[in-house]
Protein chains: 2
Amino acid sequence: MRYELYYWPSIQGRGEFVRLALEEAGADYIDVARRKGGMAKLERLLDDPRVKPPFAPPFLKCGPLLIAQTANILLFLGARHGLAPKNEAGRLWVHQLQFTIADLVVEAHDVHHPIGSGLYYEDQKREAKRAAESFIAERSPKYLSYCERVLQRGRGSYLAGARLSYADLSLFQIVEGLRYAFPRTMKQWEKKIPRVIGLRNRVAARPRIAAYLASDARIPFNESGIFRHYPELDRSA
Amino acid sequence: MRYELYYWPSIQGRGEFVRLALEEAGADYIDVARRKGGMAKLERLLDDPRVKPPFAPPFLKCGPLLIAQTANILLFLGARHGLAPKNEAGRLWVHQLQFTIADLVVEAHDVHHPIGSGLYYEDQKREAKRAAESFIAERSPKYLSYCERVLQRGRGSYLAGARLSYADLSLFQIVEGLRYAFPRTMKQWEKKIPRVIGLRNRVAARPRIAAYLASDARIPFNESGIFRHYPELDRSA
């Protein structure tokens, strides 16, 4: 069964967490909105009264199943492609980590959109500067040191132990995103989270991920996505 | 097996979504931090190097299992207590709805804390006023009309059909929270979402939920929780 991924075609965004899982799984999928006529197809599906409506992209079509919400899609793919433990405790643990990563994703986005996602960055620049200070000083260190602690307490090189899970792929993406958005901050921070960076490197070196990252399929980070590089929001040099 | 719920003792907060599920299930549980010495127990568990660390409360202990993240706890309880469909498609659909509700919860919180959760409301009042305008004009209507559409397209009186799921309990809580925080806004809005309000009423009338709501176990809304009533953030009279 070929998967159909529906997501905005010009950003990594939340869809990237799904793309990474599909790539690592070697799954057969098409990134619908990046094909000719794909955006129209995405919009039709969002408005189709015959389907259970997703609130927003990304969503994944798999035969009759239409699954939305990033972590929910990963729960589904994790079980199908060995990207999560099979036992209940392990499955819930990986899902729990994914939720925590999802919370960080929201906060990383809201740094540049603290007042409202319907407004432009330019209309909330001053507020974004204050939000960035809080994100850099408190929030992102809290999340990253949490992930470091999870790896420290764990018994393997991945978050859930010896085997890679979808949460590891997502943590890789977090590091990449933070490096892009806040390079000066991350330069200082990375020394404090050696296990997280080690995990990032192991994920990047996995053959399918490495091939994907080197391909045109990987959309570059840009200022329409979640992780945006606005130098004025990063720590001063 | 008696569940142990760990959550802040003086607010509804995210823990309330779990409390509602435990109550509807008629589950045997203790709300640990509301008992004598319970807060110390919560804090010890957060720092216990022998457990898989939760990022933050709420978390639920069930024998050797320690499960954190609200929607993850609900996934677990839903399967155990018939609060979610048994088939994969239904299970994923309810979980998907829960994620969307969780996104709304974040946004409802961030209205009064747009700059940072580490700062006081008083230190971000001006920004909160702007954030509230966006929340009232765009975001909460988008979420509520989405839920209305789900009910309209569905084939039952609950979000997933004829049977109640944990997502229905959470949507009930959303309506209650929005009514508390934004009474003037909700008064105007409720006419537009008759199915959501109908669902809210059906949930409130369920015997176990009704008994819980009338009891001391239900903590009143207050200005330390997610839904806070700051009249200056509501629509003008």
Side-chain angles (χ1 to χ4, degrees), chain A residues 49-56 59 64-73 75-76 79 88-89 91-93 95-100 102-104 106-107 110 113-119 123-124 126-128 130-135 137-139 142-143 146-147 149-150 152-154 160, chain B residues 49-56 59 64-73 75-76 79 88-89 91-93 95-100 102-104 106-107 110 113-119 123-124 126-128 130-135 137-139 142-143 146-147 149-150 152-154 160:
Chain A
R50 292 163 305 176
V51 304
K52 291 197 191 308
F55 184 71
F59 39 94
L65 276 177
L66 184 66
I67 309 162
Q69 288 286 359
T70 311
N72 197 39
I73 299 171
L75 180 70
F76 170 79
E88 183 182 41
R91 203 162 22 95
L92 289 165
W93 171 237
H95 204 42
Q96 174 177 326
L97 292 169
Q98 188 65 38
F99 273 101
T100 302
D103 287 344
L104 171 54
V106 170
E107 296 196 28
D110 289 355
H113 277 73
I115 300 302
S117 53
L119 302 170
D123 295 328
Q124 47 194 314
R126 203 163 40 92
E127 294 90 343
R130 279 191 76 194
E133 283 161 14
S134 161
F135 182 76
E138 290 168 39
R139 302 302 296 171
K142 186 172 175 187
Y143 281 105
Y146 170 77
C147 293
R149 196 157 70 247
V150 167
Q152 190 175 2
R153 288 195 196 170
Chain B
R50 292 163 305 176
V51 304
K52 291 199 191 306
F55 183 72
F59 40 94
L65 275 179
L66 184 66
I67 309 163
Q69 289 286 358
T70 311
N72 197 40
I73 299 170
L75 180 71
F76 170 78
E88 183 182 43
R91 204 162 20 95
L92 289 165
W93 170 237
H95 204 42
Q96 174 177 325
L97 293 169
Q98 189 65 38
F99 274 101
T100 301
D103 287 346
L104 171 53
V106 170
E107 296 196 28
D110 290 356
H113 277 72
I115 300 301
S117 53
L119 303 170
D123 295 329
Q124 47 194 315
R126 203 161 40 93
E127 293 91 344
R130 279 191 76 195
E133 284 160 14
S134 161
F135 182 75
E138 290 170 39
R139 302 301 295 171
K142 186 172 175 188
Y143 281 104
Y146 171 76
C147 293
R149 196 158 69 247
V150 167
Q152 191 174 2
R153 288 195 196 170

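In what follows, chains are A, B, ... by sequence order, proteins preceding strands, each numbered from 1.
Taking B:Pro53, B:Ala131, B:Ala89 one by one and counting their heavy-atom pairs under 4.5 Å with chain A, the maximum is reached by B:Pro53. Listed options A:Glu138, A:Arg149, A:Lys142 were ranked by heavy-atom pairs under 4.5 angstrom with chain B; first place goes to A:Lys142. For the set A:Ser134, A:Ala79, A:Pro114, A:Ala56, the count of heavy-atom pairs under 4.5 angstrom toward chain B peaks at A:Pro114. Put simply, of A:Val150, A:Leu66, A:Thr100, A:Leu75, the one with the most heavy-atom pairs under 4.5 Å next to chain B is A:Thr100. If you tally non-hydrogen atom pairs under 4.5 Å between each of A:Glu127, A:Arg50, A:Arg153 and chain B, the highest count goes to A:Arg153.
Contact annotation for A:Phe55: both backbone and side-chain heavy atoms come within less than 4.5 Å of a heavy atom of chain B. With a threshold of 4.5 angstrom between heavy atoms, A:Ile73 does not approach chain B through any atom at all. Within the 4.5 angstrom heavy-atom criterion, no atom of A:Leu97 approaches chain B. For B:Phe99, the parts lying under 4.5 angstrom from a heavy atom of chain A are both the backbone and the side chain. The part of A:Leu65 that comes within reach of chain B is its side chain, from C-beta onward, which places non-hydrogen atoms under 4.5 angstrom from that chain. Interface remark: B:Leu119 contributes side-chain atoms only to the contact with chain A (heavy atom separation under 4.5 Å). For chain B, no part of A:Phe135 is nearby; none of its heavy atoms comes within less than 4.5 Å. Both the backbone and the side chain of B:Ala71 have a heavy atom closer than 4.5 Å to some heavy atom of chain A.
Taking every heavy atom of both residues into account, B:Arg130 and A:Gln124 meet most closely at NH1-CA, 4.4 Å.
You'll find the side chain of A:Ser117 reaches within 4.5 Å of the side chain of B:Arg139, heavy atoms only.
Of the possible donor and acceptor atoms, none in the side chain of A:Gln69 sits under 3.5 Å from a partner among the backbone N and O of B:His95. Checking side-chain atoms of B:Gln96 against main-chain N and O of A:Asn72 turns up no donor-acceptor pair under 3.5 Å.
Taking B:Arg91 as the reference, nothing meets the salt bridge (Lys or Arg N to Asp or Glu O under 4.0 Å) condition, with sequence neighbours excluded. Under the salt bridge (Lys or Arg N to Asp or Glu O under 4.0 Å) criterion, B:Glu88 pairs with A:Arg80, not counting sequence neighbours.
For the atom pair NE2 of A:His113 and CG of A:Asp123, the computed distance is 9.0 Å after rounding to the nearest 0.5 Å.
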